[in-house]
Amino acid sequence: MTSTESLIDRRQMAYIAAQASDARVNVELETEGMTLNIGPQHPATHGTLRIIARLDGEQVVWAEPSCGYMHRGYEKLTEVRTYPQVTALINRIDWLGSFANEVPFILAAEKLMEIEAPPRAQHIRTILFELSRIANVSLFLGDLGVQLGAVTPVFMAFRDREYVLNLIEAATGGRFHPNFDRIGGLKDDLPAGFVDETRVVMKKLRNFCDEIENLLFGNEIFQSRTRGIGVIPKDVALQYGLSGANLRASGVDWDLRRDQSLPMAWNKADWKVWTHPDGDSFARCWIRLQEVRESTRIVDQLLDSIPSGPVMAKVPRIIKVPEGEAWVSTENPLGEMGYYVVSKGDLGPFRTKIRSASFNNISVVPWVLKGVYVPDIITILASLYFILGDIDR
Amino acid sequence: MPKLPGLVKGLGVTLNTLVRTTTKGSNTIQYPHEKEAPPIRARGVIALREDNCTSCMLCARSCPDWCIYIEGHKELAPPRRAGGKPRQVNKLDRFDIDYALCMYCGICVEVCPFDALFWSPEYEYSEPHIADLLHDKNKLGEWMETVPEAPALEAGAEKKGKK
């Protein structure tokens, strides 16, 4: 045997040995796959949403959200309540932007009764609607940092959200549950000093947006954790029925405030619908940041042009809505929220179908979680931004 | 000029806030020691003016979670003018609001046709026992002292008659 042959032999032997050891390691370390159960009680799910994720190592191969832990049966409850009582209930659906929940229901009832709120009421409604959007989304901007491990933004968000909640409380009497919207108008007019106070607060909130942009959105760690994570392409977003900022972040130019002609005052202000072509987590966060800015602009412009007059149209004291069916949806802080009200001429609705934005927004979770790494689950869930009450109703 | 790293920029925001809170004071209110005055319209607790109540049951019926309990009886009161017939008045035996159930929607205050119910911004009435949250008519009457005047309205508003 020559030395070359033995060398080749040795090489071959080494190769075979490496192959064998690799195979053994593969057999020994073969992961069987693990089911990771996130929730129903988990700090990152802000509420009681359960995500069941099948993992292969660090990667998710299959994931499914399981909702319904907080089902309160609003659709059924509306059948045994009168119209004024329904408004008291439904502002608990999305508890962060509660005034916005009342508006589509009231608009649907007004559509059935063929009345329209006076222009002053429409203006004040729009202002309060946008204030609740700011209160809702500014919490998201702070909460987002917490979910990614940055604790500072949440304190700033709670500080500045407090000003908005104080405004809502001064006008309506309730911080979280205004119950201020009535069929035909509003319960009461604005208290004196509200307009000046709101202008000051809007300035503070624009400042807050700049702070968050510098603090969080410019941060390299934040960017590397959100850019390219959880990309939802345009067609998928449309297929899953996403709405609101999640849809706009996928590049779809769609905003019910602009596209619909409702008896509200959005068309009297000059504002912009922001879209982002990327569709990743960063885009969704960025769109919401811009939305807060646009909302402060809308509020500022509407404050300048509040018409004078009554805030309540002439409606009977005991409200009976005539027979018929109506569907009204508005662009709520979380997305499209609509009410399909069927009336049989009684004191309360015969049937109500509530289309809340979060339920459709989390329906994309099984699609978007496929193939992501475990830490990114939280990023994606946070950037999709759902309120549990809004999912389960 | 090289672009400032985002991390440094973020730290600048934190530093700004630190300087602001140490020099100008923070927004935190140390609750039991100092209190924030709630706005006039704040829905804290419902006060009852017993004389105005005719026990018509409108509030109890329109309450979404049925937390108002009313019992009453009819009584003959002396006539207003001399020589007239005795009047029939409704006397209130029981008027309870269960604040353990109440969801502070304000529908009862709104439907009351005789101005017997009012909102007060008072909020410190938590109890160690849930049964103590049932306020009877004496306790509800005591809240009347804390009811503020309705606030002035913003310019351009049309003044309404009541509330």
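Just so you know, these numbers come straight off a predicted model, no measurement behind them. Quick note on labels: first sequence line is chain A, next is B, and so on, each numbered from 1.
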Among residues 157-167 of chain A, residues within the sub-4.5 Å heavy-atom range of chain B, in order of number, are A:R159, A:Y163, A:N166
If one checks every heavy atom of A:R92 against chain B at 4.5 Å, the contacting part turns out to be side chain
The reported gap from OG1 in A:T82 to CD1 in B:I107 (rounded to nearest 0.5 angstrom) is 6.5 Å
Heavy-atom nearest pair, B:M103 first then A:L89, reads CE-CD2, 3.8 Å
Checking heavy-atom separations under 4.5 Å from chain A, one finds in residues 64-76 of chain B B:P64, B:W66
Under 4.5 Å to a heavy atom of chain B? For A:I221 that would be side chain
So, the part of B:S26 with a heavy atom under 4.5 Å from chain A: the answer is neither
For this session: Taking A:E220 for its side chain and B:L7 for its backbone only, find out whether a donor-acceptor pair lies under 3.5 Å.
Result: yes
Counting heavy-atom pairs under 4.5 angstrom with chain A, the leader among B:G12, B:P38, B:G10, B:G106 is B:G10
Q.
More than 12 heavy atoms of other residues, nucleotides or ligands under 6.0 Å from CZ of A:F155: yes or no?
A. no
**Asked** Judged by atom type as modelled, is there a donor-acceptor pair below 3.5 Å linking the side chain of A:N214 to the main-chain atoms of B:K9?
**Response** no
Of the listed A:G218, A:S308, A:A88, A:P191, the one with the largest count of heavy-atom pairs under 4.5 Å with chain B is A:P191
In terms of heavy-atom contacts, A:A171 and B:R41 come closest through O-NH1, 2.5 Å
>> Is any side-chain heavy atom of A:M156 closer than 4.5 Å to one of B:T17?
In response: yes
Among residues 119-145 of chain B, those lying within the under-4.5 Å heavy-atom range of chain A are none
Under a 4.5 Å heavy-atom criterion, the part of residues 53-63 of chain B in contact with chain A comprises B:R61, B:S62, B:C63
So, the part of A:P153 with a heavy atom under 4.5 Å from chain B: the answer is neither
Margin query: For A:K204, is the NZ atom crowded, meaning more than 12 foreign heavy atoms sit under 6.0 Å from it?
Written below: yes
Greatest number of non-hydrogen atom pairs under 4.5 angstrom with chain B, of A:E213, A:R175, A:R120, falls to A:R120
Minimal heavy-atom distance between A:H177 and B:R43, with the atoms involved, is O-NH2, 2.5 Å
Okay, A:T87 and chain B: the region with an atom under 4.5 Å from a heavy atom over there is neither
